[in-house]
Amino acid sequence: MECYRTHYSTEVTTAQHGCEITVAGWVQDIREMGSIAFLILRDRMGTLQVTMLKKKLDPELFKKLCGLNRESVIAVRGTCKPSDKARNGYEVIPEEVEILSEAGTPLPMGVVDKVGVDLDTRLDNRFIDLRKEEVQAIFKIRNRVIEAAHGYLRGNGFIEMHSPNIIGASSEGGTDLFAVQYFEKQAFLSQSPQLYKQTMMATGFDRVYEIAKYFRAEQHNTRRHLNESTAIDLEMAFVRSEEDVMGTLERLIRHIWDHVADNCTDELSLLGVSITVPSLPMRRVTYDEAVERLAKSGVDIKWGDDIGTEAEKLLGDLMQKEGCEFYFITKYPLEAKPFYAMPENGMADDRYARAFDLELNGVEITSGAQRIHDVKLLEERITAKGLKPSDFEGYLKAFRYGMPPHGGFGLGIERIVMNMLGIQNIRECTLFPRDRMRISP
Ligand code: 4AD
Ligand code: MG
């Protein structure tokens, strides 16, 4: 430890009892009782009690501290004394207290108050909202999810890449792009690293991944969409079919769940969540089977259409009754998937694609596919989607001089965290959400 502190609150052990320590953090509460005052100091790890004795401190400082606004930042040097009554089994008797930053008053929202505030107020004051331990828990878990992904993928021969976020043409074929002025030209913010991770398959780096940013100008304002989201995106070459990609995905998911279960016991119990590490293989349900099951439950989907949110939720309920939290939906109609998805038999007019989604409790967390690697077929599919191959020349070129069969997926990080923890609104799973109405803070 360095700087203003020697210890975090919950790190202090009996070995420090009787010793001098320095702690620093936010003043959560102060109770003055004449010649003694109890100050609760909060840091990243938890809270501790500072017991201020009037006779041991400069009287001016004692007075000042007793009148200090909540959430001010202080550093305390003092003796660590065992105490049955204090939290953590010790208290700090200060010899020196330094006020590092005084908080204004009133606070825009409370940190420990029992009264709830609405999500907008919380997001408007995210820096305070994030001082709450249950909110911090979400981001500590998110951090472990990403740590697990890096660990698993690097351990399995994937190399991390960073693709450009300023792009010249749409990567998913859709219209949901944010336009940006790029000198004399029109450019866009990337919807996904799709075209670049595929391009990497032509380089010899045959396994790549990226913790990617997706920028999507989707107009709708839902509980599970953000206009700026984050994903674990990967691409792998020399696959025989989408099954090879699905195998990697399910092993990655199992590793993430394992890692969170092992490393986030405190955070999970604080949030009242217990998670079950999925057993493999995960269930595979074809699109046709899904449509049929839904029809039996009274929900009709026109063959070829996407499975809408409500139907997806219902399918999730049906699958949960069979003990499946996770399941793949496979063999989508070709028309329902982007131009780069491999047709089932390699023909431009095939009925099905080698494409899949991974669902968790009725919410899509991943889309993936084997991709087309034959440039003629790719041009045909781009045209069939009403797009112009000439707009994709930079991408298509990489397919003309030796491109191995490949596939990959995009796994939404906020979607993982949201569904792993049973959080209702995806905005809670990103620090500073961007949605239809919000661009600040
Ligand atoms: O299903 P999507 O759009 O697929 C792709 O982007 C492909 N390029 C992936 C591939 O490699 N074939 O996005 C992938 C995942 C979704 O399943 C979802 O988890 C997340 O990214 N996602 C979003 N999360 C929050 N808000 C949004 N607007 C999202 N869009 C996608
Ligand atoms: Mg998708």
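Each ligand, and each atom within it, is numbered from 1 in the order the structure gives.
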* Going by distance only, is there an N or O of A369 that falls short of 3.5 Å from an N or O of ligand 1? -> no
* To do: Using distance alone, determine whether I426 and ligand 1 share an N or O pair under 3.5 Å.
  => no
* Compute whether any side-chain donor of one residue and acceptor of the other, for Y352 and D288, lie under 3.5 angstrom apart. => yes
* Under 3.5 Å: N/O of K197 near N/O of ligand 1 -> yes
* May I ask you to check if ligand 1 and E235 share an N or O to N or O distance below 3.5 Å? => no
* Give the atoms of ligand 1, by number and element, whose distance to some non-hydrogen atom of S192 is under 4.0 Å. => 6 (O), 8 (N)
* Structure fact -> Counting only protein N, O or S atoms (no waters) closer than 2.8 Å to the Mg ion (ligand 2) gives 2
* Taking only residues two or more places apart in sequence, or in another chain, which ones meet D349 in a side-chain contact (heavy atoms from CB on, under 4.5 Å)? -> M347
* Asked: Quick one: does R216 get an N or O within less than 3.5 Å of an N or O on ligand 1?
  -> yes
* Say whether L411, considering both its backbone and side-chain N or O atoms, lies within less than 3.5 Å of an N or O atom on ligand 1. => no
* Quick one: are M236 and F158 in side-chain contact, heavy atoms under 4.5 Å? -> yes
* Selected option - heavy-atom contact closest to atom 22 (N) of ligand 1, from F409, Y340, Y214 -> Y214
* To do: May I ask you to list the atoms of ligand 1 that are less than 4.0 angstrom from any heavy atom of Q194?
  => 7 (C), 8 (N), 9 (C), 10 (C), 11 (O), 12 (N)
* Walk me through it: do H150 and Y209 pass the test ring pair (Phe, Tyr, Trp, His ring centres under 6.0 Å)? => CA-CA 9 Å; H150 281 298; Y209 77 100; 5.6 Å; yes
* So, K197 and D233, do they make that salt bridge, N to O below 4.0 Å? -> yes
* Side-chain contact, heavy-atom cut-off 4.5 Å: M403 with M201? -> yes
